[in-house]
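The structure appears right after this line, and notes come after that.
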Amino acid sequence: MVASMLNVDAASSPVVHYIGSRGPLRRDRKRPCSCVRPAAAARVRPGAAPLTVAMATFFGEVLSVYSRAVEEDEYDDLEDENEEDAQIRREIEEKREVRVRWCPDVSKSVESSEQLQCSDLIIAVGHNAAGFISAYVLRPEDWTQVGWVSLWNERSRGSNRPDTAPQPGEPGCVIYRQNSCPSVLICQCTSYIAEDQLFQWAEKVLGSMQRRSLSVTVLSDAPLTEYKSPDYLSGGDAPFLRALKTSSSTSTLPCPLLEQPNIITGLPAAVLSHCQVQRIPAVLFQCFTDVIHPDSVTMETYKPILSCLGTSVKLETCPSVEMLQKLTRIHDAQSNLYT
């Protein structure tokens, strides 16, 4: 409760304490004061933010206020949780669990050695990054689908078929292996991954592969509005690449490093953080573009990246026009009112 611009009589009013004060507030009859009810100053965490107090409409009004600075019994809800609530919580956690599914022949080798041998892992996150991989890298005669990442959340599609690989054109996370060099893998991720599933995704996918001699390359899309620069950027400057790598990576980068104070979020950040902690060489290439739909110009921006992989991945210099039209075609007419 706040008394604003009022001359309070110290003899007729109770002694009150300010949050964080060591003793009672000595009042002056000639000076206005602001006071806090004693109940609100009961228990305060050290270093906590001050209590937010609402303004009273008249002197003497009792206001019910809440603050994170006041210590409450935080674990009462967990202790009072009944068996039914606990069962529902376990079912939700199990439903949102991320699982890596392998084809039968690969699953046998994974079970025998517990981890899959992999020298180069390319992760494409976003429609333009995945479209570049489909148009310029993934040729049916050179690559074979060997697995996928199964997950469920409120925005994912195909969630009713967790044991079935996503169909062509359907959002999902599909893993391919090179026929000539089985240690080279590509993961295309076009589905939405919730925040509580990012750590699971990185831990389960990268944890299923041997860390020895493993190198990770991440391709990611980002809107131009997220890029921060002291210089003015015109429409002709986009799309462009920026890179970010772990401390153990020695790769020569074909583009500048990401400048401060730019940040990386989502799945690319989760993968790069996991690689940094596990000391896995990893490089993230972020493509900033001014379009929200897949387009061939943005896809071509990723071409210099494959020079970091040497001869392990072959680039299709001239993809077919039908393939590009298929990838850039907008299937769903959406309103841009809230985009």
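In this chain, numbering begins with 1 at the start of the sequence shown.
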Note to self: Ser150 vs Trp148, test: side-chain contact (heavy atoms from CB on, under 4.5 Å). Steps then yes/no.
What the structure shows: CA-CA 6 Å; Ser150 174; Trp148 68 96; 4.1 Å; yes
Next item on the list: Would you check, one step at a time, whether the test side-chain contact (heavy atoms from CB on, under 4.5 Å) holds for Leu138 with Gln188?
Entry: CA-CA 11 Å; Leu138 287 180; Gln188 285 183 305; 3.5 Å; yes
Margin query: Could you tell me if the side chain of Ser208 sits less than 4.5 Å from the side chain of Leu116, heavy atoms only?
Written below: no
Next item on the list: Nearest 0.5 Å please: distance from the CD atom of Gln286 over to the CD1 atom of Ile263.
Entry: 10.5 Å
Checklist line | Full working for side-chain contact (heavy atoms from CB on, under 4.5 Å) between Thr301 and Phe240 | finding: CA-CA 7 Å; Thr301 310; Phe240 57 89; 5.6 Å; no
Check: Between Gln87 and Glu91, is a side-chain hydrogen bond (donor to acceptor under 3.5 Å, both in side chains) present by the stated rule, with each step listed?
Finding: CA-CA 6 Å; Gln87 179 65 23; Glu91 291 178 355; 3.2 Å; yes
Margin query: Take a 6.0 Å sphere around CZ of Arg99 and say whether it holds more than 12 heavy atoms from other residues, nucleotides or ligands.
Written below: yes
Checklist line | Separation between CD1 of Ile122 and OG1 of Thr217, rounded to the nearest 0.5 Å | finding: 6.0 Å
Next item on the list: Please indicate whether Glu93 has more than 12 foreign heavy atoms, meaning atoms of other residues, nucleotides or ligands, lying under 6.0 Å from its CD.
Entry: yes
Margin query: Would you say that more than 12 heavy atoms from the other residues, nucleotides or ligands in this model lie under 6.0 Å from the CZ of Arg212, or not?
Written below: no
Item checked: Inter-residue atom distance Met209.CE - Ile175.CD1, 0.5 Å rounding -> 5.0 Å
Notebook entry, point to check: Of all heavy-atom pairs between Glu226 and Ala222, which one has the smallest distance, and what is that distance?
Noted result: OE1-CB, 4.2 Å
Margin query: Checking Ile186 against Ile133 for the side-chain contact (heavy atoms from CB on, under 4.5 Å) test, could you report, in this order, the C-alpha distance in whole Å, the side-chain angles of both residues, the deciding distance, and whether it holds?
Written below: CA-CA 9 Å; Ile186 288 179; Ile133 294 296; 3.7 Å; yes
Notebook entry, point to check: Once you round to the nearest 0.5 Å, how far does CD of Gln278 lie from CD of Glu203?
Noted result: 8.5 Å
Item checked: Residue pair Ile264 / Leu272, side-chain heavy-atom distance below 4.5 Å -> no
Check: Roughly how far, to the nearest 0.5 Å, is CG of Asp221 from SG of Cys287?
Finding: 6.5 Å
Notebook entry, point to check: Transitively linked via ILVMFWY side-chain contacts under 4.5 Å: Val100 with Tyr192?
Noted result: no
Notebook entry, point to check: Is it true that atom CD of Glu154 has more than 12 heavy atoms of other residues, nucleotides or ligands lying nearer than 6.0 Å?
Noted result: yes
Note to self: Can you confirm whether Phe288 sits close enough to Ser229 that some side-chain heavy atom of one is under 4.5 Å from a side-chain heavy atom of the other?
What the structure shows: no
Margin query: If you count every heavy atom of other residues, nucleotides or ligands that lies below 6.0 Å from Arg139 atom CZ, does the total exceed 12?
Written below: yes
Next item on the list: Decide yes or no for Trp143 and Arg177: does some side-chain heavy atom of the first lie under 4.5 Å from some side-chain heavy atom of the second?
Entry: no
Margin query: List the residues meeting ring pair (Phe, Tyr, Trp, His ring centres under 6.0 Å) with Tyr302, not counting sequence neighbours, and say none if there are none.
Written below: Phe132
Next item on the list: For Leu267 and Cys189, work out which heavy atoms get closest and say how close.
Entry: CD2-SG, 3.9 Å
Next item on the list: Kindly give the heavy-atom pair with the smallest separation between Ser273 and Ala269, and that separation in Å.
Entry: OG-O, 2.8 Å
Notebook entry, point to check: So do Gln200 and Arg96 actually touch side chain to side chain, heavy atoms under 4.5 Å?
Noted result: no
Notebook entry, point to check: Would a 4.5 Å heavy-atom cut-off, applied to side chains only, mark Arg242 and Asn262 as touching?
Noted result: no
Notebook entry, point to check: Ala270 and Ala202: which non-hydrogen atoms are nearest, and at how many Å?
Noted result: O-CB, 3.8 Å
Next item on the list: Check for a donor-acceptor pair, side chain of Asp142 on one end and backbone N or O of Ser180 on the other, with a separation under 3.5 Å.
Entry: no
Checklist line | Over all atoms of both residues, closest heavy-atom pair of Pro281 and Thr246 | finding: CA-OG1, 3.7 Å
Note to self: Counting only heavy atoms not in Gln276 (residues, nucleotides, ligands), do more than 12 fall under 6.0 Å from its CD?
What the structure shows: yes
Next item on the list: Looking only at non-hydrogen atoms, find the nearest pair between Thr190 and Gly126 and report the distance.
Entry: CG2-O, 4.1 Å
Margin query: Which residue is it: Glu195, Lys95, Gln197? I am looking for the one with a side chain to side chain donor-acceptor pair (under 3.5 Å) to Asn153.
Written below: Gln197
Check: Under 4.5 Å between side-chain heavy atoms, hopping through other hydrophobics if needed: is there a path connecting Val291 to Phe285?
Finding: no
Margin query: Counting C-beta onward and ignoring hydrogens, is there a side-chain heavy-atom pair between Asp120 and Ser183 closer than 4.5 Å?
Written below: no
Next item on the list: Scan side-chain atoms only and decide if Glu259 and Tyr227 contain a donor-acceptor pair under the 3.5 Å cut-off.
Entry: yes
Note to self: Measuring from atom CG of Leu258 to atom CG of Leu241, what distance do you get when rounded to the nearest 0.5 angstrom?
What the structure shows: 11.5 Å
